[in-house]
Amino acid sequence: MVCFRKVFMIRNYYKKKILQAVQETFPDILSDLSGIDILKPRKPEWGDISTNAPMIIAKVLKKRPDETASLLIKTLNDINHRTSGGHFASRIEFAAPGFINIFFSREFMFGILNSIFESGYRFGYSDEKKGEGYLVEYVSANPTGPLHIGHGRGAVLGDVICRVLKCCGYDVLREFYVNDAGAQVKNLVLSVIERIKEIEGKGEANIPEDGYKGEYVREIAQRLILETKIGYESALENQAVVREFAVNYMLDRIKSTLGTLGVEFDNFFSESILFDRGMVERCIREFESESKVFEKDGALFLRMENNDDDKDRVLRKSNGYYTYFASDIAYHRDKFERENGRFQKIIDIWGSDHHGYIPRMKGAVRLLGYNPENFIVILVQMVRVLKDGKPVKMSKREGDFITLDEIMQDVGRDATRYTFLMRKGDAQLDFDIDILKSQSLNNPVYYAQYGYARICSILRKAAEAGIGLPAGISKEDFDGLVLSEELDIIKKMGEFPDLLDNISKSLEPHLLVYYIQELQAMFHQYYTKYKKTEKVLSDDPVKLNGRLALIIALKTVLKNAFDLMGVDAPERMSMKGDEDEE
RNA sequence: GGGCCAGUAGCUCAACGGAUAGAGCAACGGCCUUCUAAGCCGUAGGUUGGGGGUUCGAGUCCCUCCUGGCUCGCCA
């Protein structure tokens with residue numbers, strides 16, 4: 001058997017073999033070979049994995065691609081026969097204009113299946129990069145209102161990115177930045193106080209221009225009165241009390257929504273702490289001593305020109321207050337410095353309306369003495385909510401919006417998460433409430449879950465028939481797997497570790513959805529095609545054991561993928577028309 | 001006006017610079033006495049916004065134009 005140790009990535013495995021072949025065939029070649037690529041062919045007749053190496057080498061050596069290819073194939077065949085424990089390829093072919101196509105051997109596919117059983121729920125996981133730290137900040141909604149759908153998208157994306165990074169062996173900290181020091185919170189406080197006045201009948205609520213008019217503000221006021229016995233006048237005098245209560249109330253509510261969504265955080269980092277601990281001042285003092293700032297018109301500017309930004313930026317306004325940018329610099333410095341530099345990479349997930357802020361923050365990171373490349377911003381486009389076919393205007397201040405809680409009540413957590421994960425973050429997304437409500441049975445998440453439930457159903461049937469489930473795959477039972485659909489499913493499952501590695505680098509979790517969708521389609525097709533002829537529960541004991549092993553492995557891979565997406569993997573699903581059961 | 005992102009099937013979107021551009025919805029026609037029909041099969045649908053360029057090869061990279069979104073504060 002081909003040796004599978006720890007995480008096994010097919011791409012890397014074959015890349016090694018091909019590079020080895022290149023070295024052995026052309027020992028004198030010195031050029032840069034980074035153009036050599038390992039591809040997954042689109043057509044079955046092009047093999048299971050292929051490379052463009054002949055073309056790259058042909059260019060360097062000024063030879064014809066078919067010449068370099070035939071030499072490489074010769075060496076590859078040689079290596080294939082030398083490989084201890086079994087061959088990795090059953091066929092190695094040339095294809096015009098200069099590809100080498102490799103077909104997996106049965107030994108290789110047996111190895112994939114075997115490694116799924118060996119790794120189980122950790123299949124696809126890695127501990128290779130252990131120690132490399134990522135601090136991922138996401139959501140970070142102002143505690144001035146309930147979460148809306150846009151927050152949900154960022155939350156799910158951040159959550160799944162963290163899950164994938166963790167399983168790829170990174171040291172991950174999930175953080176929520178609480179903007180509890182700025183003007184927005186102040187506006188909330190004033191709004192709450194006005195509602196208190198209204199409730200006590202001391203006049204009409206006079207919500208300030210930048211205040212919040214949502215119903216929840218009245219709720220905060222009512223609770224505040226109830227729990228602290230505070231009145232209008234004392235609230236005016238003790239705004240800090242109102243502030244603390246309101247922020248805590250909103251944070252609790254936000255946390256509860258996140259809990260429903262299945263999104264967790266390791267840390268909630270308060271903006272106020274940056275000021276309380278003098279972290280903002282410290283940054284500014286150091287910038288001053290390094291002549292990175294200057295005063296103009298009574299304000300303090302950070303020199304950003306000719307850096308990453310196109311403009312000098314204000315850190316301290318002429319009224320003496322610091323800008324949001326100033327505290328954000330201190331915050332990001334802390335991220336890099338925290339726990340003796342535990343985090344090499346800082347990832348922020350922002351709404352794409354903040355994209356103009358990226359050069360500024362990158363520049364600040366550079367001025368702090370860190371490499372801006374280690375500060376990565378993922379942008380998430382705002383979600384447009386459609387109702388009655390028309391976009392719903394959403395204004396937090398006007399209190400006119402659909403909350404994330406309401407969305408989840410309508411379509412459920414799984415569908416909500418799945419919908420957000422279906423597209424990459426920086427693409428516009430329409431969330432049509434009516435369609436998701438009325439056609440929720442058509443939701444793609446059910447397609448994915450249905451396949452899982454089907455597998456469980458077969459395994460239940462097997463148990464009922466007294467058939468023991470295999471805990472692994474033996475060489476003999478593997479002989480029962482000969483249908484091309486079966487082998488294709490095995491190959492696809494083998495891609496899972498590559499996929500996770502890819503996502504951990506590209507930070508694009510939507511690939512997970514596409515993978516599940518494809519894998520499920522393969523299973524549904526296989527199931528339907530053979531439900532009358534070649535059932536999993538075959539009378540032939542070799543086929544039976546092979547197929548049981550296949551679907552148990554499939555169940556494992558699917559479960560792992562679902563877990564990473566935070567979507568439920570149901571053991572059974574009721575069919576249409578069965579609603580009245582139970 | 002400057003900057004960032006996008007423009008791919010009727011709609012929503014995929015496709016590390018690789019071979020004949022793919023799914024899902026929607027449309028049309030089929031498949032349930034058998035391991036779950038929330039499934040499967042088939043048909044139709046495209047000059048990848050337009051035009052140049054780079055090379056063995058471009059939806060992908062460069063230039064330019066068109067269109068849309070976002071953004072250009074001593075707001076956060």
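Letters go in sequence order (proteins before strands), and every chain restarts at 1.
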**Student:** For B/G46 and B/A9, measure between their C1' atoms and round to the nearest Å.
**Tutor:** 6 Å
**Student:** What's the NE2-P distance between A/His354 and B/G69, to the nearest Å?
**Tutor:** 20 Å
**Student:** For the C1' atoms, the ones on B/A76 and on B/G68, what distance do you get once it is rounded to whole angstrom?
**Tutor:**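 My reading of the C1' atoms in B/A76 and B/G68 gives 27 Å.
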**Student:** Would you measure the distance from the P atom in B/C25 across to the matching atom in B/G7 and give it in whole Å?
**Tutor:** 23 Å
**Student:** Between A/Asp568 and A/Pro570 (side chain of the first, backbone of the second, donor and acceptor by atom type, cut-off under 3.5 Å), is there such a pair?
**Tutor:**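 No, A/Asp568 side chain to A/Pro570 backbone: no donor-acceptor pair under 3.5 Å.
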**Student:** Considering all heavy atoms of both residues, which atom of A/Gly425 and which atom of A/Leu157 are nearest to each other, and what is their separation?
**Tutor:** CA-CD2, 3.7 Å
**Student:** Please evaluate residues A/Trp350 and A/Tyr357 with respect to the criterion ring pair (Phe, Tyr, Trp, His ring centres under 6.0 Å), reporting the C-alpha separation (whole Å), side-chain torsions for both, the decisive distance (0.1 Å), and the verdict.
**Tutor:** CA-CA 10 Å; A/Trp350 296 350; A/Tyr357 193 73; 5.5 Å; yes
**Student:** For A/Asp488, what residues pass the salt bridge (Lys or Arg N to Asp or Glu O under 4.0 Å) criterion, not counting sequence neighbours?
**Tutor:**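 Here the qualifying residues are A/Lys491.
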**Student:** With sequence neighbours excluded, tell me which residues meet ring-ring contact (aromatic ring centres under 6.0 Å, His included) with A/His332.
**Tutor:** A/Phe375
**Student:** Less than 4.5 Å apart, side chain to side chain, heavy atoms only: is that true for A/Leu512 and A/Phe496?
**Tutor:**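 Contact flag for A/Leu512/A/Phe496 side chains = yes.
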**Student:** Between A/Tyr530 and A/Glu486, does any side-chain donor sit less than 3.5 Å from a side-chain acceptor?
**Tutor:** no
**Student:** How many Å lie between OH on A/Tyr418 and C1' on B/A23, as a whole number?
**Tutor:** 12 Å
**Student:** So what does the secondary structure string of RNA chain B come out as, 5' to 3', with Watson-Crick or wobble pairs under 3.5 angstrom, [ ] for crossing and | for pairs with another strand?
**Tutor:** (((((((..((((....[...)))).(((((.......))))).....(((((..]....))))))))))))....
**Student:** Show every salt bridge (charged side-chain N to carboxylate O under 4.0 Å, His left out) that has at least one partner inside residues 513-530 of chain A, sequence neighbours left out.
**Tutor:**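 Sorted result for residues 513-530 of chain A: A/Glu485-A/Lys529, A/Lys492-A/Glu518.
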**Student:** Can you check the distance between B/G29 and B/C61, where both ends of the measurement are the P atom (answer in whole Å)?
**Tutor:**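 Approximately 42 Å lies between the P atom of B/G29 and that of B/C61.
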**Student:** For nucleotides 43-47 of chain B, list the nitrogen or oxygen atoms of the protein found under 3.5 Å from its nitrogen or oxygen atoms, one pair per line.
**Tutor:**
none

**Student:** N/O contacts under 3.5 Å, protein versus nucleotides 31-35 of chain B?
**Tutor:**
| unit_1 | atom_1 | unit_2 | atom_2 | d |
| --- | --- | --- | --- | --- |
| B/C35 | O3' | A/Lys461 | NZ | 3.3 |
| B/C35 | O2' | A/Tyr527 | OH | 3.4 |
| B/C35 | O2 | A/Leu537 | N | 3.4 |
| B/C35 | N3 | A/Val536 | N | 2.9 |

**Student:** Please list, in numerical order, the residues of residues 43-52 of chain A that have a heavy atom closer than 4.0 Å to any atom of RNA chain B.
**Tutor:**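 Output list: A/Lys43, A/Trp46, A/Ser50, A/Asn52.
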**Student:** Sort me out a list of protein N/O and nucleotides 2-8 of chain B N/O pairs below 3.5 Å, or just none if empty.
**Tutor:**
| unit_1 | atom_1 | unit_2 | atom_2 | d |
| --- | --- | --- | --- | --- |
| B/G3 | N2 | A/His355 | NE2 | 2.6 |
| B/C4 | O2 | A/His355 | NE2 | 3.4 |
| B/C5 | O2' | A/Asp426 | OD2 | 3.2 |

**Student:** Do the side-chain N or O atoms of A/Tyr515 get closer than 4.0 angstrom to the phosphate oxygens (OP1, OP2) of B/A23?
**Tutor:**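 No.
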**Student:** What is the distance, rounded to the nearest whole Å, between atom OH of A/Tyr322 and atom C1' of B/G73?
**Tutor:** 20 Å
**Student:** If you check the A/Gln184 side chain, which of B/A76, B/G39, B/A15 turns out closest?
**Tutor:** B/A76
**Student:** Report the distance from atom CG of A/Asn502 to atom C1' of B/A14, rounded to the nearest whole Å.
**Tutor:** 13 Å
**Student:** Between A/Glu495 and A/Lys40 (salt bridge meaning N to carboxylate O under 4.0 Å), is one present in this structure?
**Tutor:** yes
**Student:** How far apart are the closest heavy atoms of A/Ala299 and A/Val314, and which atoms are they?
**Tutor:** CB-CG1, 4.3 Å
**Student:** C1' atom, B/G69 versus B/A26: distance in rounded Å?
**Tutor:**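 Their C1' atoms lie roughly 26 Å apart.
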**Student:** Regarding A/Glu271 and A/Ser327, is there a side-chain donor-to-acceptor distance under 3.5 Å anywhere?
**Tutor:** yes
**Student:** Among B/A19, B/A15, B/C40, which nucleotide has an atom closest to any side-chain atom of A/Leu511?
**Tutor:**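 Looking only at side-chain atoms, A/Leu511 lies closest to B/A15.
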**Student:** Heavy atoms, side chains only, cut-off 4.5 Å: are A/Leu511 and A/Ser506 in contact?
**Tutor:** yes
**Student:** Could you tell me how far apart A/Met304 (CE) and B/G73 (P) are, to the nearest whole angstrom?
**Tutor:**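 Taking atom P of B/G73 as the reference, CE of A/Met304 is at 14 Å.
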**Student:** Residues in side-chain contact (heavy atoms from CB on, under 4.5 Å) with A/Thr68, at least two apart?
**Tutor:** A/Phe26, A/Pro54, A/Ile57, A/Ala58, A/Lys63
**Student:** Using only heavy-atom distances, determine whether the side chains of A/Gln449 and A/Asp414 contain a donor-acceptor pair under 3.5 Å.
**Tutor:** yes
**Student:** When rounded to the nearest Å, what value does the distance between C1' atoms of B/A6 and B/C13 take?
**Tutor:**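 It works out to 13 Å between them.
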**Student:** For atom P, what is the distance between B/G17 and B/G59, given to the nearest Å?
**Tutor:** 13 Å
**Student:** How long is the line joining CG of A/Asp328 and P of B/G73, in whole Å?
**Tutor:** 17 Å
**Student:** Tell me whether A/Tyr514 is stacked on the nucleobase of B/A14, counting only the six-membered base ring and applying the 5.5 Å and 30° thresholds.
**Tutor:** no
**Student:** Decide yes or no for A/Tyr212 and A/Ile207: does some side-chain heavy atom of the first lie under 4.5 Å from some side-chain heavy atom of the second?
**Tutor:**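 A side-chain contact under 4.5 Å is absent here.
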**Student:** Parallel, tilted or perpendicular, judged at 30° and 60°: which one describes the rings of A/Tyr526 and A/Phe523?
**Tutor:** tilted
**Student:** With nearest nucleotide decided by heavy atoms, which residue, A/Arg11 or A/Ala96, maps closer to the 5′ end of RNA chain B?
**Tutor:**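 Of the two residues, A/Arg11 wins.
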**Student:** I'd like the C1' distance from B/G1 over to B/U8, given in whole Å.
**Tutor:**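 Between the two C1' atoms, the distance is 30 Å.
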**Student:** Would you call B/C25 syn or anti, using the 90° rule around 0?
**Tutor:**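 Base orientation: anti.
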**Student:** Using modelled atom types and a 3.5 Å cut-off, is there a donor and acceptor pairing between side-chain atoms of A/Arg153 and backbone atoms of A/Gln381?
**Tutor:**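 Indeed, once roles are kept as given, a pair shorter than 3.5 Å links the two residues.
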**Student:** A/His524 on top of B/A38's base, within under 5.5 Å and under 30°?
**Tutor:** no
**Student:** A/Arg316 or A/Met422: which one's nearest nucleotide on RNA chain B is closer to the 5' end?
**Tutor:** A/Met422
**Student:** Kindly indicate whether the side chain of A/Gln184, heavy atoms from C-beta on, has any atom under 4.5 Å from the side chain of A/Asn179.
**Tutor:**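 No, their side chains stay 4.5 Å or more apart.
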**Student:** Is a side-chain donor or acceptor of A/Arg313 paired with a backbone partner of A/Met304 at a separation under 3.5 angstrom?
**Tutor:** no
**Student:** Give a yes/no answer on whether the side chain of A/Lys317 brings an N or O atom under 4.0 Å of OP1 or OP2 in B/A76.
**Tutor:**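 So the side chain of A/Lys317 is within the cut-off, an N or O lying under 4.0 Å from OP1 or OP2 of B/A76.
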**Student:** Within the 4.0 Å heavy-atom criterion, would you say A/Ala462 contacts the bases, only the backbone, or no part of the nucleic acid?
**Tutor:** nothing
**Student:** Does A/Asp353 get its side chain close enough to the base of B/A76, under 3.5 Å, for a donor-acceptor pair?
**Tutor:**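 No pair found.
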**Student:** Checking A/Lys559 now: which residues fulfil salt bridge (Lys or Arg N to Asp or Glu O under 4.0 Å) with it, not counting sequence neighbours?
**Tutor:**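 With neighbours one apart ignored, the set is A/Asp563.
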**Student:** NZ of A/Lys40 versus P of B/A19: gap in Å, rounded?
**Tutor:**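 It is 13 Å, rounded to the nearest whole Å.
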**Student:** With a 4.0 Å heavy-atom cut-off, tell me which residues in residues 292-303 of chain A come close to RNA chain B, sorted by residue number.
**Tutor:** A/Lys296, A/Asp297, A/Ala299
**Student:** Please identify each residue that fulfils ring-ring contact (aromatic ring centres under 6.0 Å, His included) with A/Tyr447, with sequence neighbours left out.
**Tutor:**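 A/His524.
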